[in-house]
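Fair warning: this is a prediction, and the values are worked out from it, not measured in the lab. Letters A, B, ... mirror the listed sequences (proteins, then strands); counts begin at 1.
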Amino acid sequence: MIDLNLLRENPEAIKASQRARGASEDLVDQAIEADAAWRSALQNFETLRAEQNASSKQVAAAPKEEKAALVAAAQELAAKVKAAEANANSAAETRDKILWQIENVVIADIPSGGEENFEVLKEVGTKAKFDFEPRDHVALGELLDIIDIERGVKVAGSRFYFLKGWGARLELALMNMALDLATKHDFTALITPTLVRPEVMAGTGFLGAHADEIYYLPADELYLTGTSEVALAGYHRDEIIDLSNGPLRYAGWSTCYRREAGSAGRDTRGILRVHQFNKLEMFSYVKPEDAEAEHLKLLALEEAMLQACELSYRVIDTAAGDLGSSAARKYDSEAWVPTQDQYRELTSSSNCTTFQARRLNVRYRTEDGKTATAATLNGTLATTRWLVAILETHQQADGSVRIPVALRPYLGGQEVIAPK
RNA sequence: GGAAGCGUGCCGGAGCGGCCGAACGGAACGGUCUUGAAAACCGUCGUAGUUAAUAGCUACCGUGGGUUCAAAUCCCACCGCUUCCUCCA
């Protein structure tokens, strides 16, 4: 949720952000109006309630013979209070409904425009070149007997797969390497629930326009999370956390579930876009003034992982129109996928400023003892999808795949995955 | 799944329908004392909304409803916890 004070004091800033996103500016005016209406309804109610409280005290103090008359008067007042309260409540509801639709205020210097208007911040490494016809990850997975898509589909439907043998181990190796890196940088490992309550899912901002991306279990009123970010954001919900010793950092491991509604026909081949995968996610709670620096820290760790996997990649600053509703800025890093002749997203790191924390009511204590809304950030350190880039980049003419040096310790020293 | 009990502030723990935002104890913080510390003593010590206001007012005692002029206190539902039984690893 956006900051109410900002709405009252500088609605133009919010409008400018909505404009950059290609979202509704009108919502901002509606919110201001609804806020004013709520405030006046609230004051009306509070005045009446104060009267009622006073008259109740009179009743209590009055001598017996006067009580009946006082109670009669109080009864009338009680009815008024009830109506005024209902009024104030519905005004608050109206206001909140509008407020929750307004997306996070973007950081001023990010590119505006849509998906294609990103800015490339850097390109790192050299794109893999082959003196043979490179196989795509599906072919490699089959040849090496490490990815079994056919049986995944048989068991669970399209966009499901089995990782087998070295494929399974490679994924675990990747997760473990990521976890080691994160742990070294002050992130606490956390294995998270993958089912969450509606309040948590809504609080993280995932139930907006893209709600149909999410699996929902109506019988239990639970959502399956598409990223451990959801559980990690909910972890400190309704808490006043201690940031006096620096940020709280978590490395969350979980399986992730995505319906991929609306992407029918896209990336249907292989394990690039699937309904279920594993991910190691960094998540930081920081003071708002530290958020941008933390964002760069997350990005640096992501790059360290990509480099450890010996991948060629670029980093982009996502345009406003392509940001999730909670993000004020998003850096993606995309690895070169040789057989697709393009970069594909491997990590995504968002600075959600105070937007998410305000919805989830996560605060911290400032130096002068007051409470303030924390800022939250998240970023990917490894996912199943990385296997695509790793396999394709490090393949050799005979179909074997060289394992990046940094990953070998996690695979018992194995250097190559070769066809049987 | 069945039965009973319980859910109060950072923690423990009181609380007759009005005098309770809440006794008391501990922790924490500030101070006095001390060379320093401990002890002792004094004081402060929930969150949020509204408001120009750290004035006032309002709300919050698991959550949501209800009864009442008035509810932490009564009623209902739900959620959670504990114990016992059952069940199952």
Mind checking the [atom1] distance from [N] to [M]? Whole angstroms is fine.
N: B:U8; M: B:A72; atom1: C1'; answer: 7 Å
N: B:A28; M: B:G46; atom1: C1'; answer: 13 Å
N: B:A27; M: B:U35; atom1: P; answer: 25 Å
N: B:A52; M: B:U47; atom1: C1'; answer: 23 Å
N: B:G66; M: B:G15; atom1: P; answer: 28 Å
N: B:C79; M: B:A40; atom1: C1'; answer: 47 Å
N: B:A59; M: B:A70; atom1: C1'; answer: 16 Å
N: B:G56; M: B:U51; atom1: C1'; answer: 9 Å

Is the distance from OP1 or OP2 of [N] to the nearest side-chain N or O of [X] less than 4.0 Å?
X: A:Arg365; N: B:U47; answer: yes
X: A:Asn53; N: B:U58; answer: yes
X: A:Arg49; N: B:C57; answer: no
X: A:Lys80; N: B:C69; answer: no

Distance check needed: [N] [atom2] versus [X] [atom1], whole Å only.
X: A:Leu48; N: B:U58; atom1: CG; atom2: C1'; result: 12 Å
X: A:Lys82; N: B:C69; atom1: NZ; atom2: P; result: 10 Å
X: A:Gln75; N: B:U67; atom1: CD; atom2: C1'; result: 13 Å
X: A:Glu221; N: B:G64; atom1: CD; atom2: C1'; result: 14 Å
X: A:Arg197; N: B:C78; atom1: CZ; atom2: P; result: 16 Å
X: A:Lys370; N: B:A48; atom1: NZ; atom2: C1'; result: 14 Å
X: A:Arg358; N: B:A48; atom1: CZ; atom2: P; result: 13 Å
X: A:Glu93; N: B:G49; atom1: CD; atom2: P; result: 19 Å

Contact list for RNA chain B against residues 96-105 of chain A - heavy-atom distance below 4.0 Å: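 Per residue number, the list is empty: none.
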Would you mind pulling out the nucleotide paired to [N], Watson-Crick or G-U wobble, both distances under 3.5 Å?
N: B:G46; answer: B:C60
N: B:G9; answer: none
N: B:A27; answer: none
N: B:U35; answer: none
N: B:A3; answer: B:U83
N: B:C19; answer: none
N: B:A14; answer: none

Identify whether any heavy atom of A:Gln58 sits under 4.0 Å from a base atom; if not, whether one sits that close to sugar-phosphate; answer base, sugar-phosphate or nothing.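 No contact.
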Can we say [X] and [Y] salt-bridge, meaning some charged N sits less than 4.0 Å from an Asp/Glu carboxylate O?
X: A:Arg151; Y: A:Asp148; answer: yes
X: A:Arg344; Y: A:Asp267; answer: yes
X: A:Arg135; Y: A:Glu142; answer: no

Can you find a side-chain donor-acceptor pair between [X] and [Y] that sits under 3.5 Å?
X: A:Glu302; Y: A:Thr347; result: yes
X: A:Thr255; Y: A:Asn278; result: yes
X: A:Glu281; Y: A:Ser228; result: no
X: A:Tyr364; Y: A:His236; result: no
X: A:Ser244; Y: A:Asp242; result: yes

Which listed nucleotide (B:U58, B:U47, B:C69) is nearest to the side chain of A:Ala50?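 Nearest to the side chain of A:Ala50 among the choices is B:U58.
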Quick one: which of B:A48, B:C69, B:U50 gets closest to the side chain of A:Leu42?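 For the A:Leu42 side chain, the nearest candidate turns out to be B:U50.
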Knowing that exactly one of A:Phe162, A:Phe160, A:Tyr161 qualifies, which makes a side chain to side chain contact (heavy atoms under 4.5 Å, CB included) with A:Val155? A:Phe162
By side-chain contact (heavy atoms from CB on, under 4.5 Å), which residues pair with A:Arg402, not counting sequence neighbours? A:Glu310, A:His394, A:Gln396, A:Val405, A:Arg408
Does A:Glu367, at its CD atom, have more than 12 non-hydrogen atoms belonging to other residues, nucleotides or ligands within less than 6.0 Å?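 For A:Glu367, atom CD is not crowded (no more than 12 foreign heavy atoms under 6.0 Å).
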Does atom CD (A:Glu199) have a neighbourhood of more than 12 heavy atoms from anything else shown, all under 6.0 Å? yes
Under 3.5 Å, which protein N or O atoms sit close to an N or O of nucleotides 51-53 of chain B? Give each pair with its distance.
residue: B:U51; atom: OP1; partner: A:Arg39; partner atom: NH1; Å: 3.2
residue: B:U51; atom: OP2; partner: A:Arg39; partner atom: NH1; Å: 3.1

Which sits closer to the 5' end of RNA chain B, A:Ile240 or A:Phe45, going by the nucleotide each is nearest to?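 Upstream on the strand: A:Ile240.
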Residue mapping more 5' on RNA chain B - nearest nucleotide basis, A:Ala372 or A:Leu70: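 That would be A:Ala372.
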